[in-house]
Amino acid sequence: MARTMVSRALLVLCCLSPLVLFCSGYEITEPPLLEGPLQVPDRLLMGPGPSTPHPRILAAQGLPVLGHMHPPFLKVMDEIKTGLKYAFQTKNSMTLAVSGTGHAGMEATVANIVEPGDDVIVGCNGIWGERMTDLVERYGAKVHRMDTPPGTTFKAEQVVAALDAVPTAKILFLVHGESSTGTFQTTEGISEACKARGVLLFMDAVCTLGGVPLYMDAMGIDVIYSGSQKVLGVPPGTAPVSFSPAARAKMEARSTKVQSYYFDMDLVGTYWGVDGVKAAYHHTGMISNYYALREGLAILGEEGLVQTWDRHRSNAEILWRGLEDLGLKLFVKDPAERLVTVTTIEVPDGVDWLAVNTYIMNKYSLEIAGGLGPTVGKVWRVGIMGYNAQEEKVKLV
């Protein structure tokens with residue numbers, strides 16, 4: 001009996017401790033790459049994102065971790081909702097931050113407002129329209145492409161023609177700031193056309209939130225998503241989103257279940273206390289990331305939206321003038337269509353764009369980016385966002 005008990009004890013010990021060599025048959029050693037504390041180079045991120053965070057934001061991420069349902073943490077979430085409503089200039093109750101990058105915001109909005117069989121018009125003038133086309137199709141909708149060449153934006157007449165060509169359309173998607181091409185899309189004349197036809201206006205504001213004039217309610221935008229790592233200067237990990245009453249009405253009238261549990265806004269919204277409901281567990285919120293987002297929004301509020309927009313505009317104009325003085329050409333020809341947060345610069349013939357990027361990184365520890373999607377090999381992309389929208393940093397570029 002005693003021998004049997006000893007045998008059982010040894011078996012349990014073998015199962016619980018892989019370091020017992022006679023059970024495991026091998027020796028476990030520490031991985032050499034993980035010896036010592038983490039060290040990374042200090043770089044100035046002047047590409048299309050992520051941007052260099054404000055020191056206050058980095059400090060906020062180092063605050064003590066709270067439980068994701070603790071009242072002090074839920075208060076942080078409430079402050080984020082208030083800050084996002086200010087940043088988006090909206091009164092929408094369902095305004096919150098999805099746990100994930102900008103792509104998470106992109107998919108969360110699609111998952112909730114798009115149903116199989118929906119007719120969706122997607123404006124394509126860069127990579128983000130292309131990705132939205134792919135995403136909407138994955139959710140079973142029928143995509144109707146509306147194209148304009150990279151470096152240009154959609155005029156109201158073109159949008160009206162597209163809406164008239166698809167009278168069954170339920171959603172029109174446009175990119176507010178196309179970071180792959182450097183264009184800024186106006187909604188003038190477009191939102192009115194959508195409202196007249198009962199079509200939801202759906203926009204990507206990943207690299208415009210906080211950097212260019214954006215009045216969600218006044219501009220007639222029904223669904224919007226963004227990312228924390230651009231103008232807000234918050235490390236990647238939170239994706240601001242907002243849904244208008246019209247968008248929520250479509251969500252409530254769904255005949256099919258939202259295909260993503262993680263992104264189901266009814267469930268996520270309950271965690272965020274939308275409509276004043278008591279917060280209930282859905283997932284573990286990105287605690288330290290939420291701290292950072294709260295701090296980024298606080299900094300935005302302290303400076304003021306209009307002042308922040310003006311700062312980004314003035315620094316972009318300094319960059320544009322400086323580039324033209326050097327004989328370089330801007331990719332977006334119409335100044336009214338240029339995105340102030342991400343500037344695209346034509347790569348001159350015979351110049352190795354990657355060699356230039358590498359030289360700048362090695363000499364100045366400064367990041368700029370090459371093209372993306374339709375502009376690969378054709379442009380450099382310089383980001384002027386958040387903490388980096390300062391004259392001395394622009395002149396360094």
Side-chain angles (χ1 to χ4, degrees), residues 84-85 87-96 98 102 105-115 118-126 128-133 135-136 139 141-148 152-178 183-209 212-227 239-254 265 337 339:
L84 288 177
K85 288 179 182 179
F88 280 129
Q89 285 295 284
T90 184
K91 295 180 180 178
N92 294 337
S93 179
M94 186 166 279
T95 301
L96 51 85
V98 173
M106 185 182 198
E107 183 146 359
T109 46
V110 170
N112 284 270
I113 65 164
V114 173
E115 282 198 90
D118 279 355
D119 286 297
V120 180
I121 300 172
V122 177
C124 296
N125 61 340
W128 302 115
E130 297 291 346
R131 289 203 178 177
M132 181 56 71
T133 295
L135 187 55
V136 168
Y139 278 85
K142 183 178 180 181
V143 172
H144 303 266
R145 289 179 61 112
M146 179 177 63
D147 293 275
T148 192
T152 65
T153 61
F154 296 96
K155 304 298 187 289
E157 313 84 72
Q158 184 179 1
V159 174
V160 168
L163 290 169
D164 288 343
V166 189
T168 54
K170 295 188 176 182
I171 300 165
L172 168 71
F173 172 81
L174 294 172
V175 180
H176 195 221
E178 178 50 84
T183 55
F184 170 71
Q185 176 67 55
T186 181
T187 61
E188 187 175 352
I190 294 174
S191 57
E192 295 87 348
C194 287
K195 291 294 181 292
R197 294 162 176 78
V199 174
L200 297 179
L201 179 56
F202 178 21
M203 297 198 78
D204 172 323
V206 170
C207 65
T208 56
L209 180 64
V212 304
L214 172 59
Y215 302 89
M216 182 175 182
D217 291 353
M219 291 165 62
I221 301 170
D222 292 296
V223 185
I224 201 165
Y225 64 89
S226 188
V241 299
S242 186
F243 299 81
S244 74
R248 294 186 69 183
K250 185 180 188 310
M251 292 156 61
E252 292 166 4
R254 290 181 65 99
M265 284 298 116
E337 295 184 331
L339 179 60

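- The two residues H176 and T208 have their closest heavy-atom pair at ND1-OG1, 2.9 Å.
- Nearest heavy-atom pair, V98 versus A108, reported as atom, atom and distance to 0.1 Å: CG2-CB, 3.9 Å.
- A donor-acceptor pair shorter than 3.5 Å can be found between the side chains of T152 and T148.
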Checklist entry - Going through the distances and angles, do M203 and T187 end up as a side chain to side chain contact (heavy atoms under 4.5 Å, CB included)? => result CA-CA 10 Å; M203 297 198 78; T187 61; 3.5 Å; yes
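- Residues passing the side-chain contact (heavy atoms from CB on, under 4.5 Å) test with V206, sequence neighbours excluded: D204, Y225, K230.
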Checklist entry - So T168 and V166, side chain to side chain contact (heavy atoms under 4.5 Å, CB included) or not? Walk me through it. => result CA-CA 5 Å; T168 54; V166 189; 4.0 Å; yes
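- Residues I171 and V223 fail the side-chain proximity criterion, which asks for heavy atoms closer than 4.5 Å.
- Atoms CE and CE, on M251 and M94 in that order, are 5.0 Å from each other to the nearest 0.5 Å.
- No side-chain heavy atom of Y139 sits less than 4.5 Å from a side-chain heavy atom of D118.
- Partners of E337 by salt bridge (charged side-chain N to carboxylate O under 4.0 Å, His left out), not counting sequence neighbours, listed by chain and number: K155.
- Across L209 and S226, no two heavy atoms sit closer than the pair CB-OG, 3.4 Å.
- Residues satisfying the side-chain contact (heavy atoms from CB on, under 4.5 Å) criterion with A162, sequence neighbours excluded, are I121, M146.
- Between the side chain of E192 and the backbone N or O of G189, at least one donor-acceptor pair lies under 3.5 Å.
- The number of heavy atoms from other shown groups lying within 6.0 Å of NZ (K170) does not exceed 12.
- Evaluation of the ring-ring contact (aromatic ring centres under 6.0 Å, His included) rule for F154 yields no partner, not counting sequence neighbours.
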Next on the checklist: Quick one, L214 with I224, criterion side chain to side chain contact (heavy atoms under 4.5 Å, CB included). Give me CA distance, side-chain angles, the key distance, then yes/no.
Outcome noted: CA-CA 11 Å; L214 172 59; I224 201 165; 4.0 Å; yes
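- Two residues are said to be in side-chain contact when any heavy atoms from C-beta on lie closer than 4.5 Å; C124 and R145 meet this criterion.
- In terms of heavy atoms, G177 sits closest to C207 at O-SG, 3.2 Å.
- Counting heavy atoms from C-beta outward, Q185 and V175 have side chains that stay 4.5 Å or more apart.
- Put simply, CD1 on I221 and CG on L174 are 9.5 Å apart, with the number rounded to the nearest 0.5 Å.
- Of all the heavy atoms in D217 and K91, the pair that sits closest is OD2-N, 2.8 Å.
- A heavy-atom distance below 4.5 Å is not found between the side chains of V120 and M132.
- Distance check: L200 CG to I113 CD1 gives 6.0 Å after rounding to the nearest 0.5 Å.
- Atoms OG1 and CE, from T90 and M219 in turn, are 12.0 Å apart once rounded to the nearest 0.5 Å.
- L135 is listed as a side-chain neighbour of E107, based on a closest heavy-atom distance under 4.5 Å.
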Identify each donor-acceptor pair in which a side-chain atom of residues 240-247 lies under 3.5 Å from a protein atom, sequence neighbours left out, and give them as a table.
unit_1 : atom_1 : unit_2 : atom_2 : d
S242   : OG     : N92    : ND2    : 3.0
S242   : OG     : T95    : OG1    : 2.8
S244   : OG     : D222   : O      : 3.4
S244   : OG     : D222   : OD1    : 2.8
S244   : OG     : A246   : N      : 3.3
S244   : OG     : A247   : N      : 3.2

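- The shortest side-chain heavy-atom distance between L163 and C194 falls under the 4.5 Å cut-off.
- For the salt bridge (charged side-chain N to carboxylate O under 4.0 Å, His left out) test, residues two or more places apart in sequence or in another chain that qualify with D164 are R197.
- Here the straight-line distance linking atom OG1 of T153 with atom CD of E178 works out to 11.5 Å at 0.5 Å rounding.
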